Amino acid sequence: MSDSTVRVRFSPAPTGYLHVGSARSALFNWMYAQRTGGTMVLRIEDTDADRSQPELIDAIHNNLSWLGITWDEEYRQSDRFDLYRAAAQDFLDRGLAYRCDCSQEEVKVRAEASGDQGGYDGHCRDRNVEPGDGVVVRFRTPDDGTTSYEDLIRGTVEFDNSTLEDFVIVRSSGVPLFHVANAYDDLDMGITHVVRGEDLVNTVPRVLLLRQAMLGPDQQGTPNPVFAHLPLIVNEQRKKLSKRRDDVSVGDYADKGYLAAAMRNYLLTLGWGPRDGGEEIRPINELVAQFDLDDINAAPAFFDIKKLDHFNAEYIRALPVEEFIEAATPFLDDPDVGTIEPELFERLASFVQERVRRLDESASFLDWVVGEPREPSEKDWKKVMGGSDEKREMSARVLDLVIERIADCPWEPEALEGVVFGVGEELETKTQMPVRMALTGARSGIPLFEPMVELDRTVVLDRLRTARAKL
RNA sequence: GCCCCCAUCGUUCAGUGGCCUAGGACACCUGCCUUUCACGCAGGCAACACGGGUUCGAAUCCCGUUGGGGGUGCCA
């Protein structure tokens with residue numbers, strides 16, 4: 001199964017924080033490299049100096065590492081400008097490209113005047129424009145024929161060359177565009193499989209044309225890389241996830257208390273599923289073992305936070321409690337909740353672990369233990385303490401008895417439970433809810449009696465009396 | 001406008017001509033368990049976009065329609 005000739009690459013542009021769509025591309029590349037024993041290349045595509053932010057490269061490293069994605073080689077295109085420039089010059093020398101001094105406005109005006117066929121009209125093809133200000137280099141595309149490629153996910157994709165305009169390969173600043181860098185690097189780095197988002201499909205014919213033109217005499221017959229264009233990840237409006245509209249930075253998910261393993265596992269279910277039809281939540285190595293690019297779906301997939309939450313909850317619960325404590329501790333500092341001492345958290349962590357979906361929810365389960373009870377909603381209060389006079393009276397009797405007996409019982413969970421339930425048996429009613437409401441201000445939460453002993457007896461009595469007084 | 005892609009439950013994955021009265025998971029709803037919630041368990045709701053072919057037979061193949069998306073930059 002191992003094919004050591006496989007070379008894949010993840011090529012992010014450092015123009016923003018890594019978002020889930022990019023992370024997914026990286027992940028699928030990584031999966032394939034893992035399965036095949038191939039090489040994973042990280043290539044930073046920072047040819048656009050205006051938009052690239054070098055400091056984001058660190059963030060990309062961190063985000064990938066967080067997800068457990070590793071790479072074997074790393075390059076920066078900004079280190080390789082000379083190579084791309086030389087390739088472009090070679091095109092010029094061989095008459096495969098030409099200089100153009102048309103302004104963007106001129107191109108646009110002529111395109112509109114000529115009717116529906118947008119794009120550049122080839123105005124400068126034979127004008128022998130000299131280098132100078134505002135002069136770009138364009139690649140001469142064929143006027144007829146077709147350019148097609150094999151996509152592992154979509155089959156054969158074919159483009160009419162007549163629809164391809166003579167596109168710019170070198171900016172007027174002298175810096176080559178990504179197409180050139182892309183074609184050059186994929187060839188130079190021996191990339192065998194190009195796995196990336198569907199939004200890049202339309203760049204394939206341009207890149208392929210450039211690649212063919214770059215092939216030296218000794219490289220004739222070098223096969224094109226195999227392409228696999230992943231379906232887009234979309235939002236609820238079925239539009240491509242965007243950094244603007246959607247909150248999708250990988251770092252944000254880490255900050256919100258998603259576990260990397262859960263995120264990674266969830267991302268893998270978007271556009272792909274385990275071939276054996278088994279569980280979708282499972283160890284990464286099992287998924288790697290059956291991963292293949294041509295099993296990937298072609299249809300866009302919705303990024304469903306609810307399902308991610310479910311994955312996350314499962315992963316959290318599966319953690320040994322010590323690991324949960326370690327993972328949750330950074331999230332305990334919640335401004336809405338009082339200070340949670342590490343020892344206290346350790347004692348109660350298992351209760352929290354069972355209920356929490358995201359790590360950043362952890363502190364809120366302990367609010368009443370380290371601070372005041374919540375202010376119950378009128379609705380909840382009524383529902384628990386009684387909407388009718390009859391029920392209210394019963395709640396009052398429950399609280400009276402509990403207050404009386406709790407005043408001098410042993411301060412341990414079993415004894416407290418004995419008191420509360422004992423009153424229940426005596427009065428033939430359920431007693432936990434009124435007590436819970438009095439102590440926590442909520443109808444639901446972690447078990448009552450173990451956390452209760454963390455509170456001083458006087459505090460408990462005080463809360464019970466306060467609630468009783470409100471009846 | 002032009003180019004490219006996509007189309008199974010609300011969501012996601014399965015299904016590659018008969019095993020499909022279409023399966024799993026999430027979500028939702030009902031119960032059970034539990035003197036809270038959560039977990040767990042048992043059920044339920046719910047889909048092959050439409051129209052033509054091809055075939056003995058189509059969710060599966062072909063064509064068209066409709067719908068959706070992506071691209072159309074001196075961004076990647």
Side-chain angles (χ1 to χ4, degrees), chain A residues 11-15 22 45-48 50-52 77 100 103-104 107-108 112 115-119 134-138 151 153-155 157-160 162-165 167-179 181-182 196-205 229 231-232 234 236-240 266 268-281 295 297-311 313-314 317 351-357 365 384 417 420-421 424-425 429-433 435-437 440 442-448:
Chain A
S11 314
T15 56
S22 305
E45 305 222 327
D46 54 353
T47 54
D48 185 350
D50 292 341
R51 303 203 318 158
S52 290
Q77 291 190 326
C100 166
S103 71
Q104 294 182 67
V107 170
K108 201 174 154 195
E112 277 167 9
D116 51 15
Q117 197 74 319
V135 173
V136 300
V137 178
R138 289 182 182 274
D151 196 307
I153 299 172
R154 280 148 228 285
V157 182
E158 198 173 65
F159 295 84
D160 235 316
S162 63
T163 65
L164 263 30
E165 61 178 317
F167 56 94
V168 175
I169 57 175
V170 181
R171 297 172 172 90
S172 54
S173 65
V175 177
L177 269 109
F178 82 99
H179 297 108
N182 214 276
R196 25 116 91 148
E198 189 194 347
D199 50 344
L200 271 340
V201 172
N202 289 291
T203 71
V204 175
H229 285 95
L232 258 18
V234 299
E236 45 287 304
Q237 278 90 240
R238 296 253 127 209
K239 301 223 190 287
K240 179 169 81 156
Y266 174 65
L268 246 15
T269 67
L270 260 23
W272 183 78
R275 188 165 224 176
D276 63 11
E279 294 292 317
E280 40 187 16
I281 297 183
D295 289 335
N297 246 318
F302 170 60
F303 188 76
D304 188 352
I305 299 278
K306 282 191 172 176
K307 189 150 181 176
L308 205 213
D309 281 348
H310 173 256
F311 273 49
E314 293 262 326
R317 267 184 258 116
F351 301 125
V352 175
Q353 182 179 11
E354 274 181 80
R355 273 150 262 260
V356 91
R357 293 154 71 82
F365 281 91
V384 173
E417 180 174 336
V420 173
F421 287 1
E425 273 167 40
T429 184
K430 291 184 179 175
T431 52
Q432 183 181 164
M433 285 308 277
V435 175
R436 174 177 290 279
M437 183 55 87
T440 75
R443 289 173 55 203
S444 63
I446 55 174
L448 208 47

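Here is how names work: the chains are called A, B, and so on, in the same order as the sequence lines, proteins then strands, and each is numbered from 1. Quick caveat, the model's predicted, so the values are computed rather than measured. No hydrogens, no waters, no symmetry mates; every other heavy atom, side chains included, goes into these values.
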Is there a donor-acceptor pair closer than 3.5 Å between any side-chain N or O of A:Y266 and the backbone N or O of A:H310?
no
Expressed as a whole number of Å, how far does the P atom of B:A46 sit from that of B:C9?
14 Å
Determine, for nucleotides 43-48 of chain B in 5'-to-3' order, which nucleotides have protein heavy atoms under 4.0 Å from the base (write B), from only the sugar-phosphate (write S), or from neither (write -).
------
In whole Å, measure the gap between the C1' atoms of B:A58 and B:C48 for me.
11 Å
Could you check how far CG of A:D276 sits from P of B:A25, rounded to whole Å?
15 Å
Can you sort out the partners of A:E354 under salt bridge (charged side-chain N to carboxylate O under 4.0 Å, His left out), two or more places apart, ordered by chain and number?
none
Using the C1' atom on both, measure B:C28 against B:C63 and round to a whole Å.
39 Å
Distance in Å, A:L177 CG paired with A:N182 CG, rounded so as to fall on 0.5 Å steps
11.0 Å
Separation of the C1' atoms in B:A27 and B:G15, to the nearest angstrom
22 Å
In whole angstrom, give me the gap between the P atoms of B:C62 and B:G67.
22 Å
A:F178 CZ to B:G71 P: how many Å, rounded?
12 Å
Using a heavy-atom cut-off of under 4.0 Å over every strand shown, decide if A:E354 touches base, sugar-phosphate, or nothing.
base
Expected string for nucleotides 7-16 of chain B under the B/S/- scheme (protein heavy atoms, under 4.0 Å, primed atoms plus P, OP1, OP2 as sugar-phosphate) is S---SSSS--
Find which nucleotide of RNA chain B each of A:V170 and A:K430 is nearest to by heavy atoms, and output the residue with the more 5' nucleotide.
A:K430
Of A:P176 and A:E158, whose nearest nucleotide on RNA chain B comes first from the 5' end?
A:E158
To the nearest Å, give me how far apart CG (A:D199) and C1' (B:G69) are.
11 Å
Between B:C26 and B:A47, how far is it from one C1' atom to the other, in whole Å?
16 Å
Heavy-atom side-chain contact between A:R196 and A:T203 under 4.5 Å
yes
Ion pair check, A:R154 and A:E198, cut-off under 4.0 Å
yes
Base, sugar-phosphate, or nothing for A:Q104, non-hydrogen atoms under 4.0 angstrom?
base
Find the distance A:F421:CZ to B:U36:C1' and express it as a whole number of Å.
9 Å
Rounding to an integer number of angstrom, what distance separates B:A38 and B:U21 when you compare their C1' atoms?
37 Å
Shortest non-hydrogen separation from A:I153 to A:A298 and the atoms involved:
CG2-CA, 3.9 Å
B:G64 and B:C20: how far apart are their P atoms, nearest whole angstrom?
32 Å
